[in-house]
Participant: 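The structure under discussion is supplied below as C-alpha cells; questions concerning it will follow.
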Amino acid sequence: MAAQIQYVDVEVGTELPAASFPVTRATLVQYAGASGDFNPIHWNEKFAKEVGLPDVIAHGMFTMAEAIRVVTDWVGDPGAVVEYGVRFTRPVVVPNDDQGGLIEVTAKVAAKLDDNRVRVDLTAMSAGQKVLGMSRAVVELA
C-alpha cells in the first residue's frame with residue numbers, strides 16, 4: 001500500500017472526514033481478548049465504581065487506536081503514519097445499555113513538514129468531553 005493523498009494537494013487547515021466509533025461492553029471484551037488487558041475497570045462495573053470511576057471505561061490504547069482510524073482512512077495506508085502520540089485526558093465511559101459509549105473524532109492538517117510529511121492534529125471526544133489531549137500524528141503522503 002501507499003498513501004493515496006498527494007502532499008501538493010494538502011494545505012494547512014485541511015480537514016479530514018470526521019468519524020464516530022461506538023463502544024459497547026462487548027467491544028471491550030473483544031479488545032481485552034485481543035490485547036491481553038483484562039483489567040477489571042474495563043469490564044466489571046462494581047470494581048470500576050469501587051476505585052472511583054463512574055462506570056466501566058474503555059481501554060486507553062483502544063481509544064487511541066480508534067482515533068487514528070480517521071487518519072489511516074483518509075490517507076489510505078496505515079503504514080503512512082510515521083509518528084503518533086496522545087495524552088489520555090478523560091476516560092471513555094461505557095454504560096451497560098443498548099447504546100454504550102461513543103468516540104467522536106475530528107482531525108485537520110496542522111503543519112506541512114519536509115519529505116512529503118504533514119502533522120495532523122486530532123480531537124477525540126466522548127460524552128461532550130475531550131478524551132485525548134495533544135493527539136498528533138505525522139503522516140507521509142504521496
Side-chain angles (χ1 to χ4, degrees), residues 1-45 47-49 51-142:
M1 286 182 144
Q4 297 174 10
I5 304 294
Q6 299 291 316
Y7 180 81
V8 296
D9 295 334
V10 174
E11 299 298 329
V12 170
T14 298
E15 293 186 14
L16 284 61
S20 296
F21 305 100
V23 187
T24 65
R25 297 282 177 95
T27 308
L28 299 181
V29 170
Q30 293 168 338
Y31 182 81
S35 69
D37 182 351
F38 295 100
N39 187 322
I41 64 173
H42 304 303
W43 57 269
N44 184 319
E45 186 173 330
F47 182 85
K49 289 181 176 182
V51 297
L53 295 168
D55 207 329
V56 165
I57 63 170
H59 303 72
M61 295 302 287
F62 172 81
T63 303
M64 188 177 176
E66 291 291 81
I68 197 65
R69 288 176 56 190
V70 167
V71 177
T72 59
D73 289 351
W74 172 68
V75 76
D77 178 11
V81 176
V82 295
E83 292 178 32
Y84 180 43
V86 306
R87 287 191 182 155
F88 301 106
T89 57
R90 286 192 170 29
V92 174
V93 177
V94 183
N96 190 20
D97 59 19
D98 294 336
Q99 305 265 349
L102 187 68
I103 303 167
E104 299 171 284
V105 183
T106 59
K108 67 180 175 180
V109 175
K112 290 187 84 168
L113 309 171
D114 295 333
D115 299 325
N116 286 6
R117 294 178 179 197
V118 296
R119 190 187 87 217
V120 177
D121 290 355
L122 298 93
T123 301
M125 307 283 291
S126 184
Q129 297 189 340
K130 196 171 185 180
V131 295
L132 298 177
M134 299 293 291
S135 184
R136 296 179 173 171
V138 174
V139 183
E140 187 171 342
L141 302 179

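We number each residue from 1, following the sequence as shown.
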Participant: If you take all heavy atoms of Leu113 and Val118, which pair is closest and at what distance?
Facilitator: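 Result for this residue pair: CD1-C, 4.1 Å.
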Participant: Using side-chain heavy atoms (C-beta onward) and a distance below 4.5 Å, is Phe38 in contact with Asn44?
Facilitator: no
Participant: Using modelled atom types and a 3.5 Å cut-off, is there a donor and acceptor pairing between side-chain atoms of Thr72 and backbone atoms of Asp77?
Facilitator: no
Participant: When rounded to the nearest 0.5 angstrom, what is the spacing between CG in Leu141 and CG in Asp9?
Facilitator: 9.5 Å
Participant: Does His59 reach the main-chain N or O of Tyr31 with its side chain, forming a donor-acceptor pair under 3.5 Å?
Facilitator: no
Participant: Do Asp55 and Glu45 make a side-chain contact, defined as non-hydrogen atoms from C-beta onward lying under 4.5 Å apart?
Facilitator: yes
Participant: Does a side-chain heavy-atom distance below 4.5 Å link Val71 with Val81?
Facilitator: yes
Participant: Can you tell me how far CD1 of Ile57 sits from CD1 of Ile41, rounded to the nearest 0.5 angstrom?
Facilitator: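 So the gap between those two atoms works out to 4.0 Å.
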Participant: Would Phe62 and Val92 satisfy side-chain contact (heavy atoms from CB on, under 4.5 Å), going step by step from the backbone distance to the final call?
Facilitator: CA-CA 10 Å; Phe62 172 81; Val92 174; over 6 Å; no
Participant: Below 4.5 Å, heavy atoms only, C-beta onward: do Arg87 and Leu132 meet side chain to side chain?
Facilitator: no
Participant: May I ask you to test the Val10-Trp74 pair for a side-chain heavy-atom distance under 4.5 Å?
Facilitator: yes
Participant: Working to the nearest 0.5 Å, report the span between OG of Ser20 and CE of Met125.
Facilitator: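 Rounded to the nearest 0.5 Å, the OG-CE separation comes to 11.5 Å.
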Participant: With side chains defined as the heavy atoms from C-beta onward, is the minimum distance between Met61 and Asp37 less than 4.5 Å?
Facilitator: no
Participant: Just verifying a value: how many Å separate His42 NE2 and Leu53 CG, rounded to the nearest 0.5 Å?
Facilitator: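 If we round to the nearest 0.5 Å, His42:NE2 and Leu53:CG are 9.0 Å apart.
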Participant: Is the count of non-hydrogen atoms from other residues, nucleotides or ligands lying under 6.0 Å from Arg90 atom CZ greater than 12?
Facilitator: no
Participant: Which side-chain N or O atoms in residues 93-110 pair as donor and acceptor under 3.5 Å with protein atoms at least two apart or in another chain?
Facilitator:
residue : atom : partner : partner atom : Å
Asp97   : OD1  : Gln99   : N            : 2.9
Asp97   : OD1  : Gly100  : N            : 2.6

Participant: Which pairs with one or both residues in residues 109-126 pass salt bridge (Lys or Arg N to Asp or Glu O under 4.0 Å), sequence neighbours excluded?
Facilitator: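 As it turns out, the salt bridge (Lys or Arg N to Asp or Glu O under 4.0 Å) pairs with a partner in residues 109-126, which skip direct neighbours, are Arg117-Glu140, Arg119-Asp121, Asp121-Arg136.
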Participant: Closest approach of Phe88 and Gly60, non-hydrogen atoms and distance?
Facilitator: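 For Phe88 and Gly60, the tightest heavy-atom pair comes out as CE2-O, 3.1 Å.
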Participant: Show the nearest heavy-atom pair for residues Thr63 and Ala58, with the distance to one decimal.
Facilitator: OG1-CB, 3.9 Å
Participant: Looking only at non-hydrogen atoms, find the nearest pair between Gln4 and Gly76 and report the distance.
Facilitator: NE2-O, 4.0 Å
Participant: How close do Thr27 and Pro22 get, heavy atom to heavy atom, and via which atoms?
Facilitator: OG1-O, 4.5 Å
Participant: Shortest non-hydrogen contact from Ser135 to Val86?
Facilitator: OG-CG1, 3.3 Å
